[in-house]
Every structure is written in structure tokens, then in C-alpha cells.
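Report on the structure given below.
Residue numbering restarts at 1 for every chain, and letters A, B, ... go by the order of the sequence lines.
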There are 2 protein chains.
Amino acid sequence: MATLPQEIPEDGVELGVLADLAGYHLRRASGAFAADFVRALDGTGMRQVLFAILSVVAANPDMNQGAVGRALGIQRANMVSLINELVDAALVERRVSPDDRRAFALRLSVAGQAKLDDCIARIHEHEEAMLSDLAAPDRAQLIALLSRIEAKERS
Amino acid sequence: MATLPQEIPEDGVELGVLADLAGYHLRRASGAFAADFVRALDGTGMRQVLFAILSVVAANPDMNQGAVGRALGIQRANMVSLINELVDAALVERRVSPDDRRAFALRLSVAGQAKLDDCIARIHEHEEAMLSDLAAPDRAQLIALLSRIEAKERS
DNA sequence: TATTGTTATACTCTATAACTATA
DNA sequence: TATAGTTATAGAGTATAACAATA
């Protein structure tokens, strides 16, 4: 077990055990990404969760709320107001599913698709800025490593 | 630009653009880690933030609240109740700094060091479980990649 | 019985502005 | 004037339990 040289972040402050914990660095990197994401989408009225929902609905037309939420790790109860926001903003169309009258079939409106496209362009710039220190193979490996961790998720 | 094969998470649900966004995978992987972290520390009364503070205080005795918060990306205002929790639990000792009477010098109590040690043992198991699919070099590179992203953080 | 969407609720985390006391 | 700690507050995210309508 090789001992890593202690990382010294600001003003010679040491992090202690944190410095070698993947969970800590995940939290900080994810936070940095999220903060820049907010800036990237400033003025669009979109947030991380709303964008994620638009993306999944666009890729799976007529999917219902519960399934979208499950794909994104969002509780049913919390999906309600999120979908309401998107419907109120006329970005998502919600119709009673012909297959199951309990469920709603969700689709993007034309405005929703336009909004999604706008956000994607902004997010690509944001990703480029956040990953500018990583070469293409590093970026691919980062996503591969993160995907293997995501698979460890249990209820 | 090579096109990656579409990832199909649950039941053939597609994520759309999300699948290739590092920010999305960071969020999900970080969330999976955090959820397992909660389970790992169940019964200890500790949370992610409290553990992080204990770790930094242990590594920097007599450091003040503001500096600890800055090292961890926690606002001054939010540090107050967190430090109160740790002091009330008798894990951290808070004394007026001899150098600056506005500031508090923070130290771990004996109980605090014991609590930290207990948490570290649990967290090492938790990290081992979450990273079991990654070989040692992969784990090291993951932390290296994440550290480069953290450095992109701007106020 | 199980599932979809819903309501109500609560707790954590995060962010901001304004105050006090010291420097 | 700037900084350390504080208070109050508000918003977002997340979690659970219970209900109605439908499967």
C-alpha cells in the first residue's frame, strides 16, 4: 500500500483521511459541476432535475411519470410537482395513457424540444469548461468508472 | 467523434443526452456513494459533513471554524450549527483563540478522536464495497480525475 | 393486491443578508 | 475597513406515509 503525498488544498490546510476517500472527491467534484451547471443554465428557467426529465422524456416518448422518475432515481411523490412545472411551462404535454387510465403519457412540446436543444448547447459548453484539463480518453474513462459505481446503487 | 452505444438502464429506458454527460454520471455516482455512506454510518450519529469536519479538525488542531468551512466548501453561516452539534456531542472542543479573540480554536476531544476512528473503519468498508469493481490503479485514477475537476471550482 | 398519481409533511443542505465583536 | 462568528430565513432536494382511481 503506497502512501500518497498529503494533498494541501488552501493555505496549507490538510484534509486528513478525506484526501484519499473517493466518496469525498466525488462529492466535491459533483458539487463543482453542479454549481457551474447552474451558471450555464442561468436564464433558461431549467434546473438539473428538470433538464434530466426533459432528456428522458425526449428519448422515450409517451413514457409515464413513474418510469421517468425510476430511471432518474426520483421518488414518485417528488415527480408530481416537477412534471407540473414542466407542463405549466408548456414544455411537456401530459395526456391520459390509452393503455392505462391511471397513468399519464408524457411528451415534449415543440417548445420543450427547443428548450432542450438550447440547454444541450449550453451544457456542452459547460462540460467542455469543466473537463478542459482532461483529454478525450480520460473523459471516456471517467464516465466508465462512474458508471461502474452507479451500478452499485441499491435501494 | 466516436458514437458510444446507447446505455439502457432499466427496462429499456434510454437516458438520451444524459448518457454521455460527465455531470450526470457524477451526480448519480455521488448519490449512490452518499446513500451507502449513510448506511455505513448508521447508529454513529455522524453525517457526511460532520465526518468531514472531524477529519479536517483532526488534521489541523486549533484551526478556526471559518478556515475549516473554507477547506470543505461550507458557508460560515452553516458552520455554526454544525460545530454546535459536534460540541454538544462532546466530540469537538471550542476555545477562544489566544491569537484572535473573535475566533474559536477547534480540537477533537478524546471521544471525538474515538468517534472519528470508528467512522474511518466503517467508511473504509463502505469505500471497499462501492469500489469493489475497480482495481487499485483505477481507484487511484478516479481520484486523480476527480481532483482535476475539483480544481475547476470557482466561487 | 399492486400500481399510478397525488397530497401532506419533514428534514437536510445550501445560500443570502444583516448583525456583533473584534482586528 | 475587513474578518469571525452569529442569527434568521428561504429555497431546493430528498424521504415517508396515506389516500383515490385503476389495473
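Mapping A:V49 and A:D99 onto DNA chain D by nearest heavy atom places A:V49 at the nucleotide closer to the 5' end. Where B:N78 and A:A103 each meet DNA chain C at their nearest nucleotide, the meeting point lying more 5' is that of A:A103. Of the two residues near DNA chain C, A:D100 and A:N84, the one whose nearest nucleotide lies more 5' is A:D100.
At a threshold of 4.0 angstrom between heavy atoms, the contacts of A:Q65 are confined to the sugar-phosphate backbone, with no base atom among them. When heavy atoms are screened at a 4.0 angstrom cut-off, B:R101 is found touching the sugar-phosphate backbone but no base atom.
Considering only side-chain atoms of B:Q75, the nucleotide from C:dA15, C:dT6, D:dT14 that sits closest is C:dA15. When each of D:dA15, D:dT6, C:dT6 is scored by its nearest atom to the side-chain atoms of A:V80, the top-ranked nucleotide is C:dT6.
Protein atom CG of B:N64 is 11 Å distant from nucleotide atom P of D:dT6, rounded to whole Å. One can place CE of A:M79 at 14 Å from C1' of D:dG13, the figure rounded to the nearest angstrom. Taking atom CZ on B:F37 and atom C1' on C:dT12, their separation rounds to 15 Å, with Å as the unit. Rounded to whole angstrom, the span from the CZ atom of B:R94 across to the P atom of D:dA4 amounts to 16 Å. In this structure, B:I74 places its CD1 atom 13 Å from C1' of C:dT12, rounding to the nearest Å. Rounded to an integer number of Å, the gap from CD1 of B:I53 to P of D:dG5 is 12 Å. Summarising the geometry, the separation between CD on A:Q48 and P on D:dT14 is reported as 9 Å, rounded to the nearest angstrom. B:L106 places its CG atom 12 Å from the C1' atom of D:dA4, with the value rounded to the nearest Å.
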Show your working on side-chain contact (heavy atoms from CB on, under 4.5 Å) between A:M46 and A:R122 and close with a plain yes or no. CA-CA 11 Å; A:M46 287 291 103; A:R122 290 161 175 263; over 6 Å; no
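Contact annotation: side chain of A:R102 to base of C:dT4, donor-acceptor pair absent below 3.5 Å.
Side-chain contact between B:V13 and A:R70 is absent, with no heavy atoms from C-beta onward closer than 4.5 Å. By the 4.5 Å heavy-atom criterion applied to side chains, B:L131 and B:L142 are counted as neighbours. Residues A:D36 and B:K152 fail the side-chain proximity criterion, which asks for heavy atoms closer than 4.5 Å.
Scanning all heavy atoms of the two residues, the minimum distance from B:I143 to A:A19 falls at CG2-O, 4.4 Å.
At C:dG5, none of the side-chain N or O atoms of A:R70 fall inside 4.0 Å of OP1 or OP2 (strictly under the cut-off). At C:dC13, one or more side-chain N or O atoms of B:R47 fall inside 4.0 Å of OP1 or OP2 (strictly under the cut-off).
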